[in-house]
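Here is how names work: the chains are called A, B, and so on, in the same order as the sequence lines, proteins then strands, and each is numbered from 1.
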There are 2 protein chains.
Amino acid sequence: MKRMEDRVFREFLQKKGLKFTKERAAILKGVFSARGHFDPDDLLIKMRGKGIRVSKASIYRTLPLLLESGLIEQVLKVDKHAHYEHTFGRGHHDHLICLKCGKVIPLYSRKLEKLQENLCRKEKFKCLTHTLEIRGYCLRCNSKSGLS
Amino acid sequence: MKRMEDRVFREFLQKKGLKFTKERAAILKGVFSARGHFDPDDLLIKMRGKGIRVSKASIYRTLPLLLESGLIEQVLKVDKHAHYEHTFGRGHHDHLICLKCGKVIPLYSRKLEKLQENLCRKEKFKCLTHTLEIRGYCLRCNSKSGLS
DNA sequence: ATTGTAATTGAGAATCAGTTGCAATTATAA
DNA sequence: TTATAATTGCAACTGATTCTCAATTACAAT
Ligand SMILES: [Mn+2]
Ligand SMILES: [Mn+2]
Ligand SMILES: [Zn+2]
Ligand SMILES: [Zn+2]
């Protein structure tokens with residue numbers, strides 16, 4: 001059974017006059033078999049672990065295509081590198097990031113999304129995407145941190 | 001007349017057992033004489049232009065201190081480098097970023113901030129900071145872009 | 001004012017994510 | 001099957017940020 005995301009990506013590429021190569025297919029598969037967030041290097045290592053040979057360059061070249069096709073989203077820049085997650089089949093969400101343990105908690109609020117849209121409308125700004133990152137301490141880390 | 005931010009920074013440093021050096025003072029001054037956003041290199045160039053000699057290293061070492069002291073905020077990672085702005089005396093705000101012309105429009109909504117706080121409370125997440133970046137097209141770029 | 005000491009500095013080397021040039025390979029439409 | 005433009009891996013390259021280290025300096029305690 002062909003996965004739906006293959007279809008989407010294939011059509012996206014076709015529309016741009018680009019090729020659906022085995023490398024791109026493999027990267028797509030690798031991306032979609034990730035449970036949560038990943039960065040380009042995670043992906044490379046995971047694929048190599050499974051014996052799939054793709055170059056770093058191809059990964060870096062393919063991720064922007066997946067991004068453009070809407071199959072993945074760039075989540076944030078942790079430390080100094082980009083993180084992604086696939087969003088096809090899942091909904092958009094924002095992130096709470098624990099500064100102590102690094103946990104990333106998804107957050108979705110319809111109300112919040114609507115409010116943002118309204119604010120943009122008011123500014124006459126055509127909103128395409130957004131990233132909201134809230135940093136602080138998760139429940140566990142906050143209770144452990146001594147302060148009452 | 002001594003600037004208020006000098007005082008704040010000095011006290012911050014003292015509390016941490018760090019020194020208020022002339023380099024740090026100069027960097028602080030450079031930061032606060034910037035109108036809007038800046039990145040480390042902007043700052044370096046501007047200071048050199050004024051004949052103030054500080055090393056790149058000192059700038060990169062001082063910015064995190066200013067961040068920690070609450071005098072500046074990290075705005076976002078454009079391209080691949082960090083951007084900052086001083087927020088002392090000004091309020092916190094989020095950003096609308098035009099993908100075409102690069103314009104950055106400040107956005108503040110009390111309602112939005114409150115909503116975020118409530119959401120965090122609901123998740124029992126101790127929120128310290130957040131960054132909201134909305135990307136799309138500004139009024140001017142959107143009307144120019146042909147699509148109706 | 002002098003001194004002791006830990007913090008700081010500048011310069012350049014090092015690091016590291018991400019990009020690029022290029023020759024060999026491959027998808028795909030005709 | 002062929003023509004052709006797109007793609008690949010590799011290694012060299014960027015450019016931002018961090019680090020190393022010897023020389024300097026702030027500043028608290030004499
Ligand atoms: Mn997520
Ligand atoms: Mn701003
Ligand atoms: Zn945590
Ligand atoms: Zn614009």
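We find the NZ-CG distance between B:K103 and B:L139 to be 7.5 Å, quoted to the nearest 0.5 Å. Atom CZ of residue B:F9 and atom CG of residue B:L28 lie 6.0 Å apart, to the nearest 0.5 angstrom. Rounded to the nearest 0.5 angstrom, B:I27 CD1 and B:M47 CE are separated by 5.5 Å.
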Exercise for the section: For nucleotides 20-25 of chain C, just jot down a letter per nucleotide in 5' to 3' order: B, S or -, based on protein non-hydrogen atoms under 4.0 Å. Expected result: BB----
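The distance between atom CZ of B:R10 and atom C1' of D:dC27, rounded to the nearest whole Å, is 12 Å. Computed from coordinates, the B:F9 CZ to D:dA26 P distance equals 15 Å when rounded to whole Å. What separates CG of B:D41 from P of D:dT17 is a distance of 9 Å, to the nearest Å. Atom pair B:R24:CZ and D:dT24:C1' shows a separation of 14 Å (rounding to whole Å applied). In this structure, A:R53 atom CZ and C:dT26 atom P are separated by 12 Å, rounded to whole Å. Atom-to-atom, CD of A:E11 to P of C:dA27 comes out at 20 Å; the value is rounded to the nearest Å. We find that NZ of A:K15 is positioned 16 Å from P of C:dT28, with the value rounded to whole Å. In this structure, B:H83 places its NE2 atom 10 Å from P of D:dA16, rounding to the nearest Å.
A 6.0 Å sphere centred on NZ of A:K29 holds no more than 12 heavy atoms belonging to other residues, nucleotides or ligands.
B:K22 comes within 4.0 angstrom of the backbone, heavy atoms only, and of no base.
Comparing C:dT28, C:dG18, C:dT9 by their closest approach to the side chain of A:F20 singles out C:dT28. Nearest to the side chain of B:K19, among D:dT7, C:dT19, D:dA26, sits D:dA26. With D:dA28, D:dA16, C:dG18 as the choices, the nucleotide that has an atom nearest any side-chain atom of A:H81 turns out to be C:dG18. Across C:dT9, C:dG18, C:dA27, the shortest atom-to-atom separation from the side chain of A:T21 is found for C:dA27. Of all nucleotides listed (D:dT18, C:dT8, C:dG10), D:dT18 comes nearest to the side chain of B:K56. Of the candidate nucleotides C:dG18, D:dT17, D:dT25, C:dG18 has the atom lying nearest to any side-chain atom of A:A82.
Nearer the 5' end of DNA chain D, as judged by each residue's closest nucleotide, is the contact made by A:V54, out of A:V54 and B:L18. Comparing B:S58 and A:P40 by the nucleotide of DNA chain C whose heavy atom lies nearest to each, the residue mapping closer to the 5' end is B:S58.
A tilted orientation is assigned to the rings of A:H86 and A:F32, their planes being inclined by 30° to 60°.
Inter-axis angle, ends of the helix from C:dA1-D:dT30 to C:dA30-D:dT1, five pairs per end, rounded to 10 degrees: 40°.
Taking 4.0 Å as the cut-off between side-chain N and carboxylate O, A:R7 and A:E11 count as a salt-bridged pair. Between B:E117 and B:K114 there is a salt bridge, with a side-chain nitrogen of the basic residue lying less than 4.0 Å from a carboxylate oxygen of the acidic one.
In the model, B:D42 has no side-chain atom that pairs as donor or acceptor with a side-chain atom of B:H83 under 3.5 Å. With 3.5 Å as the limit, one finds no donor-acceptor pair spanning the side chains of B:E133 and B:H95.
In terms of phosphate contacts, A:Q14 brings a side-chain nitrogen or oxygen within less than 4.0 Å of OP1 or OP2 of C:dA29.
B:R24 is listed as a side-chain neighbour of B:L18, based on a closest heavy-atom distance under 4.5 Å.
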